[in-house]
Amino acid sequence: MNPWPDQFPLFPEAASTVAGEVDAIYFFGLAVAAFFSLLIAVLVLWFAVRYRRRSEDEIGRPEKAAVLLEIGWSVIPLLILMVMFAWGAKVFYHVRRPPENALEYYVTAKQWMWKFQHPDGNREINHLHVPAGQAIKLIMTSEDVIHSFFVPEFRVKQDVLPGRYTYLWFQSDRPGRYTLFCNEYCGAEHSLMIGSVTVMEPGDYEAWLSAKEPVAGGQQLTGEELFSLQVCDTCHKPDSAARAPMLWGLYGEEVAMADGSVAIADEDYLRESILNPGARIVKGYDAIMPTYAGRLSEDELLQLILYIKSIGPEGDAEVAAAPAAETEADAGSGDEGSTP
Amino acid sequence: MDGPHAASHHPEPGFWRKYVFSVDHKVIGIQYAVTGLLFLFFGFCLMLLMRWQLAYPGQPLPLIGGLLGDDRMPGGIMLPEFYNQLGAMHGTIMVFLGVVPLAVGGFGNFVLPLQIGAPDMAFPRLNMASYWCYFVGGVVMFLSFFAPGGSAQSGWTSYPPLSNIASDGQTVWLLGMVFLITSSLLGSVNFIVTTIQLRVAGLTLMRLPFFVWSQFVTAFLLLLAFPPLEAAAFMQLMDRVADTSFFMPAGLVISGQVAELSGGGSPLLWQHLFWFLAHPEVYVLILPALGIIAEIIANNTRKPLWGYKSMVYSVIFLAFMSFIVWAHHMFLTGMGTGMSAFFQTTTMIISIPSVIIITALVLSLWGGSIRFNTPMLFALAFLPMFGIGGLTGLPLGLAATDIPLHDTYYVIGHFHYVVAPGTIFALFAGVYYWYPKATGRKMSELLGKLHFWPSLLFMNGIFLPMFIQGLAGMQRRLFDGGELYAHAGPVLMWNKIITHSAWGLAIAQIPFIINFFLSLKKGEVADRNPWHATTLEWAAPSPPPHGNFATEPSAYRNPYEYSVPGQARDYLPQFEPDGSGAPPSERSTNPATA
């Protein structure tokens, strides 16, 4: 019976490519904290014993000046902290910046459930499957309150906010099933908001994907259907005579605004333009678009954005939209979802 | 109160004006302290209920469980909603109704005017208004448990949109906060003016006891940090009752229904406004504690504080920096990598003054002649406990290592080490140290030691295992104590140890409660200066009459002239022109004039 390793698990298993990097600085930080905590405790105990009052009328010794000591205790911690800062900033930037070739998955959180959408439009609830050896980027939003996506083994965590997208990436080379937690307190059943991320060998993942029945996509309108149902296409036409900005090939491009600023047409920009069209007006157009806030569910909004991402890049509506229309049941994002 | 009948030049007011609606800073200080202690006890009881559920999830609580009502604990089994109420209210009560009122309202009010030789605070009526605002806020908070749907349950941080859609208790919480914030603002103005205007002749800024410095700086923190939260509280109140959308984005779907909102608000705005207060608030919790510890360490090492001046400069720098570190609570909100890098830098920098202060306090023991009375035991224990609390914050201050640790039990362990065996030990030390001044009698040393040793043991029994649980990845705010969490399995057994330690801590407070009341009548009678201390409060009778000093004292020297060479005694009070017949040393001449 050796309770040591079980009752003192300093780390969960490390199962992502960044975990080692995070753990190194994490261990260093903990070691610094433990060392100096012990130092203080030992000094207090030692001084307390060594300098205890021995008689009622004892007179203490005068203090010695110790300029070097004073400088030392300010400068040494400063140096340690600066090292930790530089190191920590480097790791943080790495952990936060997704690689260019990451596969994009979409995550919608709600009380108390996770919804996922694969790059090919396949959907899952609470249990996400991803291929091993491939950078995975999650584009996440919430339908109601703030949640947080946390897989301890991957050393990644990101709050998921309503009203905007947040991002997270990871890459795991170790197939297996890892528990997913909501890390931001989100109401009565916060404790029960548990899911999983299953990392599969790429071959297994392909097999799993093709064997999988399209889930819950049946009643869901595709982005293309929504585009015409919400009559987006009456103004946003793929020709120069349109009353509204051209959407074909827009995603990822720079957009010049009426106020002289420039925006990058990413998910958050598209989201804002649909829900709050008056916030930023594209140069050369009038602010005539009504808001779609409250008229689209978070899911429908996502499908629309995925559709806008998929159409392009050369402005030929028929060519771009055609493959999406052929895709079965689900959002017409297709493989070109990652096209910049 | 049957203290010695000290001569008073003021007419005796009636019962109501003397004990209830008093304008005397000492009565108000004691009112604050006693109310604060009661709320600390109440908040602690809420935590005991939570700890039952964490150690024995889903099991009925014997005896009292069934008494709490079917909408809280049907059959004695705790509902998750009630657990969440307890969590939110434990935090709120401990911080805003317990520690701050005791540290600032209690000790600040009672000790600060005495230490600067003033007859009272600059604005006595404002002082009374501050206490009664606090009192009303406390009552409102307490009553919120009886609101439909129970009290606030969105955590003490009350993040929207969760808090915006919570039950009515949240509205009551916000109203309570408005009263509490107003109380703190009234108090802080008073402390600042009093410290600047009412110091006696000779008491220059660099002769102020460190306790006065800590209260003075704390008052600035309260004055500058609380208004944004008060504004934010009103905005959330408007969101809840007047359908505004300061913190709500458009198109939320709550329980399957599209929320009727104008939208356009930002949930992150609340977090910024909240932490803009709540980080300086951490220093509001800790600075008065450092002030108390500094007094007690100087007095019981019989030696001047090491590096008094660097401590003063550090505390000012700390206060300034504390306004630009708030977003290190928000590394994972997606506020931007560059922003995180900035707040990570300021967080690293703010560690330096904290290191200087704690090192100076530890080195003050060096070469002393240390007396081990109860206040000193608490002060000595404070140093390593506060050290652990501060140092374990290092991995949290770095965004990269905050990722695995954020919102786990590690965080709970970290900040509780700062405020529980840290600040609360300092507050106990202060109670034992100034009790003779307030009542004219000393507390029992035996009961004091019976209070101290088990408290130290059980405090660590509660909070040390939390680091282990947090490192394993166990999250906070789980009503089932992590029972369903696969990876928490090996560390679940600590939940029982923590809970049993909490019971131990509760039992360890019994000697304190007995001591507190028994010593009023039976304690050893104390003269003006029972600890042979040097600061000005010990020039007044114990307890001081209304108006404090029979004749206005003057300050002749630095605050901690202990063990001055060439003196007959090992202390040389600030208020004595020279050392009681002994030849005046070079360091004790020069009585300054106003």
Side-chain angles (χ1 to χ4, degrees), chain A residues 6-10 12 22 25-26 29-30 32-33 36-37 40-41 43-44 47-48 51-53 58-63 73-74 77-78 81 84-85 88-89 91-93 95-96 143-146 152 155 157-159 161-163 166 179 181 183 185-188 190-191 275 293-294 297, chain B residues 80-81 155 159 161-162 249-254 258 263 267 302-303 332-334 337 341 344-345 348 351-352 355-356 359 362 365-371 380 383-384 387-388 391-392 394-395 398-401 403-404 406-407 468 471-473 475 477-480 486-487 490 563 565 570:
Chain A
D6 272 1
Q7 267 77 57
F8 296 87
L10 279 192
V22 173
I25 183 168
Y26 173 75
L30 290 176
V32 169
F36 283 101
S37 297
I40 293 174
L43 278 179
V44 167
F47 286 151
Y51 297 110
R52 66 191 182 277
R53 195 173 182 83
E58 186 180 67
I59 304 264
R61 284 153 289 265
E63 67 181 64
W73 88 55
S74 317
L78 185 69
L81 288 168
M84 287 184 72
F85 162 71
V91 175
F92 188 61
Y93 271 95
V95 174
R96 293 296 308 155
E143 283 184 12
D144 39 41
V145 303
I146 301 174
R155 311 288 189 272
K157 187 181 286 174
Q158 173 63 52
D159 286 2
L161 279 76
T166 54
T179 315
F181 301 104
N183 196 236
Y185 170 65
C186 59
H190 166 60
S191 310
L275 295 181
S297 73
Chain B
E81 287 82 358
Y159 281 4
L162 187 63
L252 292 192
V253 182
I254 313 288
V258 176
R302 316 303 292 163
K303 165 175 183 288
L332 300 175
T333 54
T337 318
Q344 179 176 289
T345 322
M348 294 294 113
S351 317
I352 299 297
V355 169
I356 292 175
T359 319
V362 172
L365 305 174
W366 184 21
S369 171
I370 302 172
R371 300 191 305 207
L380 286 174
L383 296 173
I388 294 174
L391 284 159
T392 50
L394 263 187
L398 284 174
T401 47
I403 294 172
H406 188 85
D407 267 342
I468 297 165
L471 290 173
Q475 294 174 55
R477 292 175 169 164
L478 303 174
F479 82 93
D480 58 4
H487 70 295
S563 301
D570 68 348

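Heavy-atom basis, side chains included; hydrogens, waters and symmetry copies ignored.
At a 4.5 Å heavy-atom cutoff, the contact between B:Phe479 and chain A is made by backbone and side-chain atoms alike. Within the 4.5 angstrom heavy-atom criterion, atoms from both the backbone and the side chain of B:Leu365 approach chain A. In this structure, the portion of A:Thr166 lying under 4.5 Å from any heavy atom of chain B is its side chain and not its backbone. Both the backbone and the side chain of A:Arg155 come within contact range of chain B, with heavy atoms under 4.5 Å apart.
For the pair A:Leu81 and B:Leu394, the minimum side-chain heavy-atom distance is below 4.5 Å. Contact of the A:Val145 side chain with the A:His190 side chain is not registered, since no non-hydrogen atoms from C-beta on lie closer than 4.5 Å. Taking 4.5 Å as the limit, every side-chain heavy atom of A:Val91 sits out of range of all side-chain heavy atoms of A:Tyr26. Considering only heavy atoms from C-beta on, B:Gln475 comes within 4.5 Å of A:Asn183 through its side chain. At a threshold of 4.5 Å between non-hydrogen side-chain atoms, the residues B:Leu391 and A:Ile40 count as touching.
Of the listed residues B:Thr401, B:Leu162, B:Leu398, the one with more heavy-atom pairs under 4.5 angstrom with chain A than any other is B:Leu162. Ranked by heavy-atom pairs shorter than 4.5 Å toward chain A, the options B:Gly387, B:Ser351, B:Ala399 are led by B:Ala399. The residue among A:Val95, A:Leu161, A:Val32, A:Leu43 with the most heavy atom pairs within less than 4.5 Å of chain B is A:Leu161. Per-residue heavy-atom pair counts under 4.5 Å with chain A were compared for B:Ile356, B:Leu383, B:Ile254, and the maximum is reached by B:Ile356. In terms of heavy-atom pairs under 4.5 Å with chain B, the best-connected choice from A:Gly88, A:Ala48, A:Gly163 is A:Ala48.
Looking at residues two or more places apart in sequence or on another chain, you find a side-chain contact (heavy atoms from CB on, under 4.5 Å) between A:Pro162 and A:Ser142, A:Ile146, B:Pro161, B:Pro249, B:Leu252, B:Pro267.
Put simply, the side chain of B:Ser563 never gets that close to the backbone of B:Lys303: no donor and acceptor are under 3.5 Å apart.
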